[in-house]
Amino acid sequence: MTTTITTPATAITDDDVRALAARVGAVAAAHDAAHDLDATFVTEAYAEMAESGYLRLAVPVELGGLGASMRQVVLAEEELGARSGAAGLAAAMHLYLTLVQCWRQRRGADGAETALRRIADGLVVATSGGSDWVCPSTTAVEVEGGYRFDGRKTFCSQAPGAGAISTSATLGEGADAVVLHATVPLSAPGVRIVETWDTLGMRGTASHDIVFDGVFVPAAAVLGTRPYGVLAGPLLVAAMHFAPVAAAAYLGVARGAVEEATRLARLGSTRGVGEMHARLRVARWALHSAVAEIGEDPPADEETLATVMTAKRHVVTEARTIVDIALEVAGGRAFFRSSPLERAYRDVRAGMFHPLTPEDTLQLLGRRAGVS
């Protein structure tokens, strides 16, 4: 199933991507506590991402990017997540969408090369993919030259820092309903951000609601369609790129917790430290094995989906366990709000809510095994 991709000689190295992520993470970490307290966006981290080129990490070199592979994006996101969970998760949304456009560009899809050049020039793309998943409540009505979108999207990470949003809307009703997938400028008339993000963790992602009120979407902006209620087409392509990149951010949160807890480890906590390191290592193996299995240019099918979602499930469930152990290893000092472990304890729990959820992943695997 693995596909061999020839990368340009000038492509970025693994050491380069880790160093770049560490540079961004150092800036983010200096401001994380304040953004977590106020639930404000990680603006300093994003300014550094723009300056350093992190946001164009996955854009091909010939289109103005750094030419990172999916595997290298995963490496970078773990490194960033270890220093700032919020910055890592927010950036994951933009980076996985960049990988989607790379996938489309390799297939000669209309608009993909233009989208990648715009990302290289500084466009940041948000997503509403997780808010209503296969059944969008946002409606589309056909009008001259395109469609009118109306509705509200939740969980739109990095909304304050984005210039466009990858979103969907339902056209028609009943058995004839189809879902349109499109990229919409956040500056378009009728689009507005409603600041709703006041949550347990990942507060710096500023994943506010975005409202569409009579927004005109040109027909040319529609990237594809799929049947209502079905994980297929553009949503399937998005999901299979989202899973490893988002999982990497949570793996990073767990790694950061392991590093901090090891530093603070109480006398006699050797076994706990060992368990954290063992679980972290196996979770990393699972994620990178899945990425290697699907290859750099995976087919858009259920086998690819099952592979990456299984890895994501393992990472997010293990990450939560690892951070729990980290608090026990560190002791009472981790209970203070000033401790990065306290923030990691809250941040890591968000991993359970991204689709496919751990439970939905097990349902998928059970069904594929022939049990209904």
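Computed from heavy atoms alone, side chains included, the values below leave out hydrogens, waters and symmetry copies. Just so it is clear, the structure is predicted and the values come from calculations on it, not from any experiment.
- For the 3.5 Å distance criterion, the side chains of T40 and H35 qualify, holding a donor opposite an acceptor.
- A donor-acceptor contact closer than 3.5 angstrom links the side chains of T262 and H277.
- Salt-bridge annotation for K153 and D209: absent, with no side-chain N of the basic residue lying under 4.0 Å from a carboxylate O of the acidic one.
- For the pair P136 and S168, the tightest heavy-atom approach, listed with the atom from each and the gap, is CG-OG, 3.4 Å.
- Atom CG of L235 and atom CZ of F242 lie 11.0 Å apart (nearest 0.5 Å).
- Under the 3.5 Å distance criterion, with hydrogens and angles disregarded, no donor-acceptor pair is assigned to the side chains of T139 and D150.
- Once rounded to the nearest 0.5 Å, the distance linking CZ of F41 with CD of Q158 reads 6.0 Å.
- Checked against the 6.0 Å centroid threshold, H354 and F155 do not count as a close aromatic pair.
- The pair D15-R18 counts as a salt bridge, with a side-chain nitrogen and a carboxylate oxygen less than 4.0 angstrom apart.
- Checked by atom type, the side-chain pair T304/D301 shows a donor-acceptor distance below 3.5 Å.
- Note on V27: it does not cluster hydrophobically with L20, by side-chain heavy-atom contacts below 4.5 Å among ILVMFWY residues.
- Judged by distance alone, the side chain of R266 and the main-chain N or O of E328 form a donor-acceptor pair under 3.5 Å.
- Clustering of Ile, Leu, Val, Met, Phe, Trp and Tyr side chains at separations under 4.5 Å places Y228 together with V179.
- A distance of 11.0 Å separates CE of M240 from CG of L231, quoted to the nearest 0.5 Å.
- No single ILVMFWY cluster, assembled from side-chain heavy atoms under 4.5 Å apart, contains both L95 and L223.
- To the nearest 0.5 Å, the span separating CG on L116 from CD on Q101 amounts to 5.5 Å.
- A side-chain donor-acceptor contact under 3.5 Å links D32 and S84.
- Using a distance-only test at 3.5 Å, with no hydrogens or angles considered, no donor-acceptor pair links the side chain of D347 to the main chain of G85.
- Salt bridge annotation for R337-D36: present, with a cationic side-chain nitrogen under 4.0 angstrom from a carboxylate oxygen.
- In the hydrophobic clustering, where aliphatic and aromatic side chains (Ile, Leu, Val, Met, Phe, Trp, Tyr) are joined below 4.5 Å either directly or transitively, V143 groups with F216.
- V348 and W197 are not part of a single hydrophobic cluster, where members link through side-chain heavy atoms under 4.5 Å apart.
- Side-chain atoms of Q72 come within 3.5 Å of backbone N or O of I12 as a donor-acceptor pair.
- The backbone N or O of R320 lies less than 3.5 Å from no partner atom in the side chain of R349, so there is not a single donor-acceptor pair.
- Checked by atom type and distance alone, the side chain of R56 pairs as donor or acceptor with a backbone atom of G64 at under 3.5 Å.
- Hydrophobic clustering, defined by side-chain heavy atoms of Ile, Leu, Val, Met, Phe, Trp and Tyr closer than 4.5 Å, groups I165 together with Y147, F149, L171, V178, L180, V184, L186, V191, I193, I210, F212, V215, V217, V222.
- K312 and T361 share no side-chain donor-acceptor pair at under 3.5 Å.
- Electrostatic pairing of R107 and D297 counts as a salt bridge here, judged by a charged N lying under 4.0 Å from a carboxylate O.
- In summary, the side chains of R226 and H181 do present a donor paired with an acceptor at a separation below 3.5 Å, with no hydrogens or angles considered.
- Between the side chains of E359 and Q363, at least one donor-acceptor pair of N or O atoms lies under 3.5 Å.
- Inspection of the Y96 and T127 side chains reveals an N or O donor paired with an N or O acceptor under 3.5 Å.
- When the salt bridge (charged side-chain N to carboxylate O under 4.0 Å, His left out) test is applied to D38, no partner is found at least two apart in sequence or on another chain.
- Take E259 and apply the salt bridge (charged side-chain N to carboxylate O under 4.0 Å, His left out) test, not counting sequence neighbours, and it matches R255.
- Residues satisfying the salt bridge (charged side-chain N to carboxylate O under 4.0 Å, His left out) criterion with R368, sequence neighbours excluded, are E302, E303.
- If you take CZ on R23 and OH on Y54, they are separated by 13.0 Å, rounding to the nearest 0.5 Å.
- L75 and L99 fall within the same hydrophobic cluster, defined by Ile, Leu, Val, Met, Phe, Trp and Tyr side-chain heavy atoms under 4.5 Å apart, directly or through other members.
- Looking at R83, its side chain never comes within 3.5 Å of a backbone N or O of G25 through a donor-acceptor pair.
- Of all heavy-atom pairs between A239 and L305, the closest is CB-CD1, 3.9 Å.
- Listed for the S339 side chain is no donor-acceptor partner under 3.5 Å among the backbone atoms of F336.
- Put simply, NE2 on H94 and CG on L55 are 4.5 Å apart, with the number rounded to the nearest 0.5 Å.
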